[in-house]
Amino acid sequence: MGFLNKVMLLGNVTRNPEVRFIPGRDLPVAKFGLAVTTRKTKDKEETCFIDITVFGKTAEMCGEYVTKGMPLLVEGRLQYSTWETDGQKRSKHEVVAENIQFVSRKDKSDYGSANAFDEPVSGSLDEDDIPF
């Protein structure tokens with residue numbers, strides 16, 4: 001039996017990425033937060049705040065282009081971390097991103113609206129544009 005650990009999230013960046021380098025390996029690591037909102041009913045929403053960690057060239061790209069409030073599509077795997085601080089055991093789940101895509105908005109300056117993602121326009125695709 002195989003195992004699958006895959007996460008896909010679409011949300012808004014909650015803090016600018018912090019880029020550091022792993023000592024001795026010169027490997028960039030970027031960390032930032034992502035807020036993902038789920039609509040429960042017409043008047044009720046639930047927001048989940050998730051820590052994202054990115055390595056390598058993608059981390060450098062995040063440090064250069066990603067800013068607070070931007071919508072992103074993050075694909076990666078879930079990771080559980082534990083550590084001890086001042087004698088107290090701590091733990092958290094985070095997503096280790098493998099792929100990050102920028103998402104456009106209807107109003108590029110409106111990073112505060114939760115429903116500003118572009119909607120596909122019906123009938124805008126010509127059959128001659130389909131490669132198969």
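Hydrogens, waters and symmetry mates are skipped; everything else that's a heavy atom, side chains included, is used.
Counting only heavy atoms from C-beta outward, the side chains of L72 and F32 approach each other to under 4.5 Å. With a 4.5 Å cut-off on side-chain heavy atoms, Y80 and L78 do not count as touching.
Across C62 and P17, no two heavy atoms sit closer than the pair O-CG, 3.5 Å. Nearest heavy atoms, V36 versus I50: CG2-CD1, 3.8 Å. In this structure, A97 and V74 approach most closely via the heavy-atom pair CB-CG1, 3.7 Å.
Inspection of the T85 and W83 side chains reveals an N or O donor paired with an N or O acceptor under 3.5 Å.
Evaluation of the side-chain contact (heavy atoms from CB on, under 4.5 Å) rule for K40 yields K44, E46 as partners, not counting sequence neighbours. Shown here are the side chain to side chain donor-acceptor pair (under 3.5 Å) partners of T41, two or more places apart in sequence or in another chain: there are none. Evaluation of the side chain to side chain donor-acceptor pair (under 3.5 Å) rule for T14 yields no partner, not counting sequence neighbours. For E75, the side chain to side chain donor-acceptor pair (under 3.5 Å) partners at least two apart in sequence or on another chain are K6.
Under the 4.5 Å side-chain heavy-atom criterion for ILVMFWY residues, no single connected hydrophobic cluster contains both V54 and F21. Linking ILVMFWY side-chain heavy atoms closer than 4.5 Å, directly or via other members, places L73 and F49 in two distinct hydrophobic clusters. Hydrophobic clustering of Ile, Leu, Val, Met, Phe, Trp and Tyr side chains at less than 4.5 Å, counting indirect connections, keeps V19 apart from V66.
Look at K89 and E84 and you find no salt bridge, because none of the NZ, NE, NH1 or NH2 atoms lies under 4.0 Å from a carboxylate O.
In this structure, N16 contributes its side chain and K68 its backbone to a donor-acceptor pair below 3.5 Å.
Here CG of L34 is found 5.0 Å from CD1 of I52. Values are rounded to the nearest 0.5 Å. Separation of atoms CZ (R90) and OG1 (T82) is listed at 13.0 Å; rounding is to 0.5 Å.
Sorted by first then second residue, the side-chain hydrogen bond (donor to acceptor under 3.5 Å, both in side chains) pairs that include residues 50-60, not counting sequence neighbours, are R15-D51, D51-K92, T53-E94.
Through direct or relayed side-chain contacts under 4.5 Å between Ile, Leu, Val, Met, Phe, Trp and Tyr, I22 connects to L27, V29, F55, V96.
Y65 OH: 12 or fewer foreign heavy atoms inside a 6.0 Å radius.
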